[in-house]
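Quick caveat: nothing in here was measured; it's all calculated off a predicted structure. In the text below, chain A, chain B and the rest are named by the order of the sequence lines, each starting its count at 1.
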Amino acid sequence: MRENSFRILLGLGVAGLIAGSLGMGVRLILGHVPMAYGSYVPWGLWVAFDLLFLGLTAGAYIIVVLTYGFGLKQFESLVPLSVFSLLVSLLCEGIIISLDLGHPLRVYRFLVTPSFSSMLTWLVVFIVAMWLIFIPFLYFLLREKLVLWSRDPGRKGRKIYKALALGRTEYSDADRERDRKIVRLLALVSIPVGFVFFAVPSAMFTDMLGRPHWSSAILPISYMFASYLSGCALVTLLASVYHPQEAVFGFLGRLLRGFLILFLLIEFIQIFFGYRTDNPVAVAALSLITKGPNAWIFWGVHLLLGSIVPLYLLTARPRDARAVAWAGFLIVITFVAVRYNAVVPELMAYDLEKRDLFFIHRRLSQAYVPNLYEWLVSLWVVSLGIVVFLLGTRWLPVTPAEKGGEQHAS
Amino acid sequence: MSNRMPAEDPLIRMQRDLKRALAKKPGDVKWGMVIDIARCIGCHACTIACVAENKLPPGVVYRVVVEQEIGQYPHVSRRFIPRPCVQCQKPPCVRVCPVTATYKNEQGVVVMNYPRCIGCRYCMGACPYTARCSDFGDWYTSNTPELPGKVVGRTATAKGYEARPAAEYGEDWPERGHGSPVGNARKCHFCLHRLAVGMLPACVTSCVGRATIFGDRTDRESLVFEMIGSPRVTRWKEELGTQPAVYYLA
């Protein structure tokens, strides 16, 4: 990435952090009182962002599968960067969902009194598994470089690298071989774990009784492909920016196009057959998405900006790194619309027998529009992710320019 | 004198049923409720009594009375349907709670363990009866003025009523605003704290039409047992297999 672009992006990230701090301040001082969600629409924008961040981690998963599962070595140099993006996504996910909890300091309860009948518990189990797999994965991937950097007298922050290398000053061929084996083992473990991980969020929704739009066998498939699509878009963007070799971004661009077409097909099936069921709640939820006051989210943001334009770019200019990067970028930034429509309309459409008319309060309403504070908190978390990622690419040996030549995928 | 005099107020009989239930081992009692829609006059007294009894904050309600209009003018009628938590015997909310903060107690009542609840609100989406509310920390007095020495302001007013903890679950809760139940999911619990001291739930005693019948549904002599045996009895969303302990007489 060019220095100018880096500075502009970092500046935007810092500006987002400053602007978003108003929302964060309100959330931390006043709690949930100023927020727009209520008891009948208990999950809103932050849960949509949570699902978005979870899905973005699929990018690294795809790269790991391609590199270690299929032995495609052209992606090897992209592994550290994509795994780093996975950790940043998980960090953002953890922050935004903690802010959504009524008692975030009680998350230790997942350890003390877990209920394994709850899909939320399993989601947490798999999130922890992803952390436990990918932190050592990245560490052993980068350790050689960390040791080298800690010895480099001309490098800033040597003490940090020395600490990250856990005091190790020498790195032998035997160390390299051992680290390579550990990384490979962790990669292989991550493949089945990741496969389940991307289906678990959907199980939270399919588990809800009497929710026809969610209680559907296609939902887990839809969620998995949604994650693969958004994650693939992220790593395609990263590859186009940090590793603009056609063998890499060209392949990822084609893969992205495939995921996009498949996801649109699944979405069409969900909508078409959802309407065909004639179930009033399912039809009401779908109509909120396609014909409601926020239909522009579906038609404008998701379909036009997030699907048709990227599909055109990926089809018409598949060898142009810039066009492929734009396609990835558009899918990533518009994907929150997909996640929002996956959560909110069903809650807004549920048949409450007009209960909200007989006991009136804004918390007992099915109308939900995320307010400014919710957007500002989301902006803060996204900006934090951007800043951490950019600083990581500058201070850690994760970018392809800093990494290369190692045969960790053999 | 017979204890089945037709003129006897159902409240008297339910009180007697309650006394008998409390003499049993707690695990042998299974609380149940029958709501006779034909007797409900839509006064919403049960809703208000519940709010007062449990000191529910703004935006939290355990028992809404739904009003339905049937037919077209001039051939119309109305009916009123109280909608408390139906106390499922196979509760979906319990299944989805990730930290076992909600569970069915030995008397068949789905209860909350407030200090354990993390406030994820999963149970609220999972309840097909939407019987749960989240306590987001709202105050009735939040927009009242605060002019010390001139008016009885926000803080003093709140301390006089809504800051004082409710007696829910018979626990000694802190003053409102200092932890649970703010941030928690909340729900109807059949006024267990009242039952423990021999009092019927607030919605039952406040029902002017005597439309809400309550008692031990395993006690063959109880009014609630008798009502559950009625051919008019139905359960809401029976097809979901949740086995509610709240029955409706249609």
Pick from [options]: which one has the most heavy-atom pairs with chain A under 4.5 Å?
options                           : value
Y129(B), W139(B), W236(B)         : W236(B)
C97(B), A185(B), G241(B), P92(B)  : C97(B)
C120(B), G137(B), C93(B), C127(B) : C120(B)
V96(B), V61(B), T242(B)           : V61(B)

| task | Verify the distance criterion only: is there a donor paired with an acceptor across the side chains of R355(A) and T130(B) at less than 3.5 Å? | result |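 Side chains of R355(A) and T130(B): pair found under 3.5 Å.
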| task | Tell me yes or no: between the side chains of R186(B) and S39(A), is some donor less than 3.5 Å from an acceptor? | result |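 S39(A) and R186(B) do not have a side-chain donor-acceptor pair below 3.5 Å.
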Using atom types as modelled and distance alone, determine if a side-chain donor or acceptor of [X] lies under 3.5 Å from a backbone N or O of [Y].
X       : Y       : answer
S118(A) : R95(B)  : no
T121(A) : P98(B)  : yes
H103(A) : V182(B) : yes
T113(A) : V99(B)  : yes
R211(A) : G125(B) : yes

For [X], is it the side chain, the backbone, both, or neither that has a heavy atom closer than 4.5 Å to a heavy atom of chain B?
X       : answer
F116(A) : neither
L364(A) : side chain
M35(A)  : neither

| query | Looking at G210(A), P104(A), P42(A), which makes the most heavy-atom pairs under 4.5 Å with chain B? | reply |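 Between G210(A), P104(A), P42(A), the count favours P42(A).
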| Can you find a heavy atom in the side chain of Y40(A) that is under 4.5 Å from one in the side chain of M124(B)? | no
Looking at [atom1] of [X] and [atom2] of [Y], how far apart are the two atoms once the value is rounded to the nearest 0.5 Å?
X       : Y       : atom1 : atom2 : result
R121(B) : L101(A) : CZ    : CG    : 7.5 Å
H44(B)  : F359(A) : NE2   : CZ    : 10.5 Å
C133(B) : R363(A) : SG    : CZ    : 11.0 Å
I118(B) : D100(A) : CD1   : CG    : 10.0 Å

| field | Part of S180(B) lying under 4.5 Å from any heavy atom of chain A | value | both
| request: Anything in residues 162-175 of chain B with a heavy-atom distance to chain A below 4.5 Å? Please list those residues in order. | output: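 Interface residues of residues 162-175 of chain B: none, nothing closer than 4.5 Å to chain A.
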